[in-house]
Amino acid sequence: MIVINLDVMMAKRKMSLNELSERVGITIANLSILKTGKAKAVRLTTLDAICRALDCQPGDILEYRKDD
Amino acid sequence: MEKASSRTLKIVCVLALIGIVLWVAFYAVQSYFVLTTGSGHGVINWGSPRMGLKLTIFTLNRVTILLMAGLMAAFIFNILKHLRGGAIFNRANVVLLWVMTIVLPIHSFISDNMGIACSTSEHFDVALTDSPFVYAMVALIVALLYKLAYDAAREQELTI
């Protein structure tokens, strides 16, 4: 399964959901869907904007974990 | 949703609602004549044998017409309600279409046997034509297509 570590990166960068939402240009509601792992897919453009805002790599946000 | 598409959909919905109202009105007027006209073909022959069964079939026919009209009207109102938000494929309508898949063939079967309600004899021949099966298949295809569209819309909604 794919785990979204958005909250970890946000904590590292000391960035609030509100600020990230403004920088990335997507709604807080959609960021929450992403953060809680409810999203079915992530657009490359969204990933690009998040990586730019948090100054990180896609691998810092997305992580693959084997299902038990 | 584009403004033109939204407007077209709104017009189609209003036309469909008018159609439903006319459908129900037609059967309301027809019911009056079927029940009040004297003995003859195509009307309730009061005093003929097994009136209870005949009136039950007639009543069931009108109930299924009202039920179908209600289901279709609810389906259209659901689309109109969600039109502004763009979510015209919604869960409530998926359920309504599954219910219609069951009600429509039943209505068709009862309609096919309305001749019993209007007969003068005691002997009944139950008619089973292909209509209920055709209606069931068409309703099933529409319900499945709508469900597929709903799932696709939901997936799109959860793509960030």
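A note on names: the letters A, B, ... follow the listed sequences, proteins ahead of strands, and every chain is numbered from 1.
Chain A is approached within less than 4.5 Å, heavy atom to heavy atom, by no residue from residues 42-53 of chain B. Within residues 1-9 of chain A, no residue has any heavy atom under 4.5 Å from a heavy atom of chain B. Of residues 33-51 of chain A, those residues lying under 4.5 Å from chain B by any heavy-atom pair are A/I33, A/L34, A/K38, A/A39, A/K40, A/A41, A/V42, A/R43, A/T46. Within residues 144-160 of chain B, the residues that have a heavy atom under 4.5 Å from a heavy atom of chain A are B/E155, B/Q156, B/L158, B/T159, B/I160, listed by number.
Residue B/R91 places its CZ atom among 12 or fewer non-hydrogen atoms of other residues, nucleotides or ligands, all under 6.0 Å distant. Residue-environment remark: CZ (B/F75) exceeds the threshold of 12 foreign heavy atoms within 6.0 Å.
Cluster membership check: B/F77 shares its hydrophobic cluster with B/W23, using side-chain heavy-atom separations under 4.5 Å among Ile, Leu, Val, Met, Phe, Trp and Tyr. Cluster annotation: B/Y27 is connected to B/L71 through the hydrophobic network of ILVMFWY side chains, with a link wherever side-chain heavy atoms come within less than 4.5 Å. In the hydrophobic clustering of this structure, B/I110 does not group with B/V99; members are Ile, Leu, Val, Met, Phe, Trp, Tyr whose side-chain heavy atoms approach within less than 4.5 Å, directly or through other members. Hydrophobic clustering (side-chain heavy atoms under 4.5 Å, transitive across Ile, Leu, Val, Met, Phe, Trp, Tyr) keeps B/V12 apart from B/V142. Put simply, B/F109 and B/M68 are part of two different groups of oily side chains (I, L, V, M, F, W, Y) that touch within less than 4.5 Å, one to the next.
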